[in-house]
Amino acid sequence: MALTILIDFTGFGLILPLLPFWAQRLGANPVGVGLILTVYALAQFIFTPLLGRLSDRYGRKPIIFTSLLIEGASLALSAIAWSLPILLLARFIGGLGASNIGSAQAVVSDVTAPQERAKGMGLIGASIGLGFVIGPALGGVLAPLGPAVPFWAATGVAALNALLVLLFLPETLNRQAVEGGSGHTRGGLLAGITSVLHYPVVVRLIVINLIFTIAFTAMEATFPLFTQHTFRWGAAQNGYIFTYVGIIIVIMQGGLVGQLVKRWKEQAIMIAGLVMLAVGLTLLAFSTQLAILLIALGILSAGDGAVTPLISTLLSFASPAEAQGETLGLAQGVGGLGRIVGPVAAGSAYAFGGPAMPFIAGGSLVLLAAVIAIPTMTIHRQPAQEKVEESQKNVVTIEASSPGGPRL
């Protein structure tokens, strides 16, 4: 699954730096260029919970396979787009195809023991980070061959990924457990999503994910403006800095998170990560020297690397066993909403409050998220289904040992 996500985000990263220029070639102004990213995030906000829900009903493999085919079709349509509306349509379809991250995380939840869950989610996060490192580099190599070449290459990557999923990814959904559950998978999609919201801890974690995503994407959106104002940096210097951020996040998610949760609870690491992110964002606002800037970015990157996989891990513990894909998909969809709101809010804060204001506001928001996260300390590592099975075993043991009880 980590390999599937790596290939998926490599294909996405391959075209990401080129999309603005492709849109300008079709007559887009700056607003149109912004819409290219907005419609993609909007589609993910709409469809990620639905695909997660469908993966709970019909299985992980068919949903992931179909979404990759859709993504490949959207990339091909982007390559032949003859007008801006067609490109916008293609990117919206691409957002639908890329809405499989909740289903992918559900695969991890299906096949990992509770004590290994954070490590598995961390590998998914590290794969996303590596995809964003490898993809843009490939795009830069292919771009001189022609403006449409990277899009066709990304189409081929998506098709290859779908083939690998079809041939090698086993189905991980336990259909007997789902059918024997609480009936959560019955009814309409909207009813299923609504039912997930009946779990207060799930709602709390989704809100934390939304706040955290808004703050982090706000930083990403305005950081180049901040460095241009403070250090007179251009695209090249900011590219190096974002690579530095990406490497720290990949290291954190790829290995350190799994080691840390063996010593401390997932909730404690998540709260510590939120506090680190808040401190890093606040320190970033006052980073007028390169050394302070690197320290601030290191702190907030380590915090992000801890928080991202652990929110998914705790959601998998707090949600019903038969609704893992739906819950994780809903969280990712709400994260897509955060990626829409964050840049817009950051731009407004920058315009009205100055270069440091987006970081100060983001740090305050993340600190609020840390406070909201405190009640999640009651979440048990074992999913609900394992708790039921353990309690049933205890009942059998008591009956077998009680005087006059059945001989088992």
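Computation of the quantities below employed the complete heavy-atom set of this structure, encompassing side-chain atoms and omitting hydrogens, waters and symmetry-equivalent molecules.
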key: From Thr213 atom OG1 to Leu365 atom CG, the distance as rounded to the nearest 0.5 Å   = 11.5 Å

request  = Would you mind listing every ring pair (Phe, Tyr, Trp, His ring centres under 6.0 Å) that reaches into residues 329-353, with sequence neighbours excluded?
outcome  = none

Determine all donor-acceptor pairs shorter than 3.5 Å in which one atom belongs to a side chain in residues 70-94; sequence neighbours excluded.
residue : atom : partner : partner atom : Å
Ser74   : OG   : Glu71   : O            : 2.7
Ser78   : OG   : Ser74   : O            : 2.9

inquiry  = If the condition is side-chain hydrogen bond (donor to acceptor under 3.5 Å, both in side chains), which residues does Ser301 pass it with, not counting sequence neighbours?
reply    = none

task = Please report the shortest heavy-atom distance between Ser103 and Ile64, naming the atom on each side.
result = CB-CG1, 4.0 Å

Could you go through residues 120-128 and list every donor-acceptor pair under 3.5 Å that involves a side-chain atom there, pairing it with any protein atom two or more places apart or in another chain?
residue : atom : partner : partner atom : Å
Ser127  : OG   : Ala2    : O            : 3.1
Ser127  : OG   : Leu123  : O            : 2.8

note = By ring pair (Phe, Tyr, Trp, His ring centres under 6.0 Å), Phe226 pairs with (sequence neighbours left out) Phe359

key: Residue from Ile63, Thr48, Leu68 passing side chain to side chain contact (heavy atoms under 4.5 Å, CB included) with Asn100   = Leu68

ask   = Can you name the residues that form a side-chain hydrogen bond (donor to acceptor under 3.5 Å, both in side chains) with Thr4, not counting sequence neighbours?
value = none

message = Tell me every residue that passes ring pair (Phe, Tyr, Trp, His ring centres under 6.0 Å) with Phe151, counting only those two or more places apart in sequence or in another chain.
response = Trp22

task = Check side-chain hydrogen bond (donor to acceptor under 3.5 Å, both in side chains) between Ser55 and all other residues, then give those that pass, not counting sequence neighbours.
result = Arg60

message = Could you work out, with ring pair (Phe, Tyr, Trp, His ring centres under 6.0 Å) as the rule, every residue matching Phe231, not counting sequence neighbours?
response = Trp233

key: Interatomic spacing from CZ in Arg204 to CG in Asn209 - rounded to 0.5 Å   = 14.5 Å

key: Residues that Phe223 engages under ring pair (Phe, Tyr, Trp, His ring centres under 6.0 Å), provided they are two or more places apart   = Phe242

message = Keeping Thr217 on the side-chain end and Ile214 on the backbone end, is there a donor-acceptor pair under 3.5 Å?
response = yes

request  = Identify the two heavy atoms, one from Ala153 and one from Leu142, that lie closest to each other, and give their separation to 0.1 Å.
outcome  = CB-CD1, 3.6 Å

Which atom pairs, donor and acceptor, lie under 3.5 Å between side-chain atoms of residues 273-281 and protein residues at least two apart or in another chain?
none

note = With sequence neighbours left out, the residues meeting side-chain hydrogen bond (donor to acceptor under 3.5 Å, both in side chains) with Thr230 are none

